[in-house]
Protein chains: 2
Amino acid sequence: MIDLLAQTLREAGHSLTKPRMTVFGALQAPKPKTMNQLVTSVSDIINRASVYRAVALFEELGIITRIQHGWKYRLELSDAFTPHHHHLTCNKCHRIISFDEPDRFDEIVSGIAASHGFVLQNHGLEVYGLCPECQTKKAAT
Amino acid sequence: MIDLLAQTLREAGHSLTKPRMTVFGALQAPKPKTMNQLVTSVSDIINRASVYRAVALFEELGIITRIQHGWKYRLELSDAFTPHHHHLTCNKCHRIISFDEPDRFDEIVSGIAASHGFVLQNHGLEVYGLCPECQTKKAAT
DNA sequence: CAATAATTGCGACAGATTTGCAAAAATAAT
DNA sequence: ATTATTTTTGCAAATCTGTCGCAATTATTG
């Protein structure tokens with residue numbers, strides 16, 4: 001996986017440095033991270049500005065993706081660096097569950113792109129609701 | 001449509017003021033707007049803080065929705081104020097095309113929620129690619 | 001109209017993101 | 001391996017975004 005990272009950077013004329021590797025590593029965690037979580041998780045080793053720079057570069061090269069999560073956004077590795085998946089988010093406790101591409105979903109998505117003459121490059125599906133636990137907890141009266 | 005806005009506000013104990021009406025009006029434009037675009041588009045008449053307040057209120061009442069668009073998020077009217085739809089975004093020129101819910105999409109989405117024990121509340125589908133025009137323009141060498 | 005409650009505008013702020021530049025690290029060329 | 005060259009990083013300062021308190025203004029109620 002680090003190889004693919006190195007290769008992707010090289011091809012674009014950038015090098016795989018320690019800071020970049022660290023940021024990449026921090027994003028390999030299972031759950032998407034807030035920019036702030038990311039910055040603090042590596043702040044001992046890497047400067048804030050450098051984290052931002054790495055994130056900007058990674059996003060530009062399609063290495064990471066941002067997903068909207070209420071008012072905040074989160075970062076996670078893109079499909080090429082982690083299996084393609086989507087998110088199911090609980091509107092109450094905000095837990096995020098990843099799920100695989102539904103069957104035949106590709107057909108639907110490519111059909112949409114095709115009908116507008118687009119060349120499909122990527123897609124994302126976000127589902128929101130209440131998780132089992134939060135359904136139980138009654139709203140505070 | 002303004003009636004529905006007024007009604008929605010009233011029911012929640014708020015009034016339909018000129019500033020709010022202006023912000024709502026600005027969002028009725030066909031394309032989703034950046035917070036900054038929104039603020040500047042009405043800055044002659046409305047204070048920045050008030051725009052933020054209106055947006056926060058509208059979002060809380062489900063009148064508007066944020067969609068992620070690359071690094072920025074954008075705002076647009078929610079389903080109740082504009083037909084339910086999704087977005088097809090061009091990765092090069094960033095134009096956004098709205099499209100209707102694909103057939104049987106509900107089944108797929110509710111199936112996902114159900115399989116995780118979630119109560120479905122909402123969903124969003126974003127598709128990215130290259131629009132017809134941008135496929136033609138060759139990348140600048 | 002008067003009284004009361006909700007909303008705005010403004011200026012000050014706290015947090016988030018960006019930028020300029022010299023020092024440090026990486027890559028290329030002896 | 002050592003030096004020259006190019007790319008990155010760290011740091012501090014500057015910007016941009018979104019929020020807050022409070023007095024003035026506008027809307028709602030009787």
Side-chain angles (χ1 to χ4, degrees), chain A residues 2-27 32-61 63-76, chain B residues 2-27 32-61 63-76:
Chain A
I2 290 288
D3 300 331
L4 177 55
L5 172 64
Q7 182 193 330
T8 306
L9 286 167
R10 283 277 163 62
E11 285 173 359
H14 299 277
S15 43
L16 176 54
T17 62
K18 231 168 293 179
R20 286 175 185 160
M21 209 181 291
T22 306
V23 170
F24 183 83
L27 287 171
K33 286 193 170 174
T34 288
M35 176 60 89
N36 206 47
Q37 294 177 326
L38 179 61
V39 169
T40 55
S41 75
V42 300
S43 65
D44 305 332
I45 333 176
I46 307 170
N47 184 274
R48 172 188 295 279
S50 301
V51 176
Y52 275 90
R53 283 189 279 235
V55 166
L57 178 63
F58 285 1
E59 196 168 40
E60 188 185 316
L61 300 182
I63 294 169
I64 63 179
T65 302
R66 323 195 144 196
I67 59 176
Q68 190 68 20
H69 179 235
W71 278 86
K72 308 275 183 182
Y73 64 84
R74 293 188 180 230
L75 304 165
E76 70 170 12
Chain B
I2 290 288
D3 300 331
L4 178 53
L5 172 63
Q7 181 193 330
T8 307
L9 286 167
R10 283 276 162 64
E11 285 174 359
H14 300 279
S15 43
L16 176 54
T17 63
K18 231 167 295 180
R20 285 173 186 162
M21 210 181 293
T22 306
V23 170
F24 183 84
L27 287 170
K33 287 192 168 174
T34 288
M35 176 61 89
N36 205 46
Q37 295 176 326
L38 179 61
V39 169
T40 56
S41 75
V42 300
S43 64
D44 305 332
I45 333 175
I46 309 170
N47 184 273
R48 194 154 56 98
S50 301
V51 177
Y52 274 90
R53 283 189 281 234
V55 166
L57 178 62
F58 286 0
E59 198 169 38
E60 188 185 316
L61 299 182
I63 294 171
I64 63 179
T65 302
R66 324 194 144 197
I67 59 176
Q68 190 68 20
H69 178 236
W71 276 89
K72 308 278 183 181
Y73 64 82
R74 294 188 178 231
L75 303 166
E76 69 169 12

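Proteins come first, then strands; the chains are lettered A, B, ... in the order of their sequence lines, and each starts at number 1.
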Practice item. Indicate whether OP1 or OP2 belonging to D:dG18 is found under 4.0 Å from a side-chain N or O atom of B:Tyr73. Key: yes
In whole angstroms, the gap separating C1' of C:dT7 from CE of B:Met21 amounts to 14 Å
From CG of A:Leu38 across to C1' of C:dG15 the rounded distance in Å is 17 Å
Looking at every strand, decide which applies to B:Arg20 at a 4.0 Å heavy-atom threshold: base, sugar-phosphate, or nothing. sugar-phosphate
Considering just the side-chain nitrogens and oxygens of A:His14, establish if one lies under 4.0 Å of OP1 or OP2 belonging to D:dT8.
yes
Shortest non-hydrogen pair, B:Leu9 vs B:Ser15, comes out as CD1-O, 3.9 Å
Taking for B:Arg48 and for B:Val51 the nucleotide of DNA chain C with the nearest heavy atom, the one nearer the 5' end belongs to B:Val51
B:Asn47 CG to C:dT8 P, in whole Å, measures 10 Å
Original post:
Taking C-beta and beyond as the side chain, do A:Leu16 and A:Ile2 meet within less than 4.5 Å on heavy atoms?
Top reply: yes
5' to 3', nucleotides 22-30 of chain D under a 4.0 Å protein heavy-atom cut-off (B base, S sugar-phosphate only, - none) gives -----SS--
What nucleic acid atoms does B:Leu9 come within less than 4.0 Å of, heavy atoms only: base, sugar-phosphate, or nothing? nothing
Hey, does the side chain of B:Tyr52 come within less than 4.0 Å of D:dG18's phosphate (OP1/OP2), counting only N and O? yes
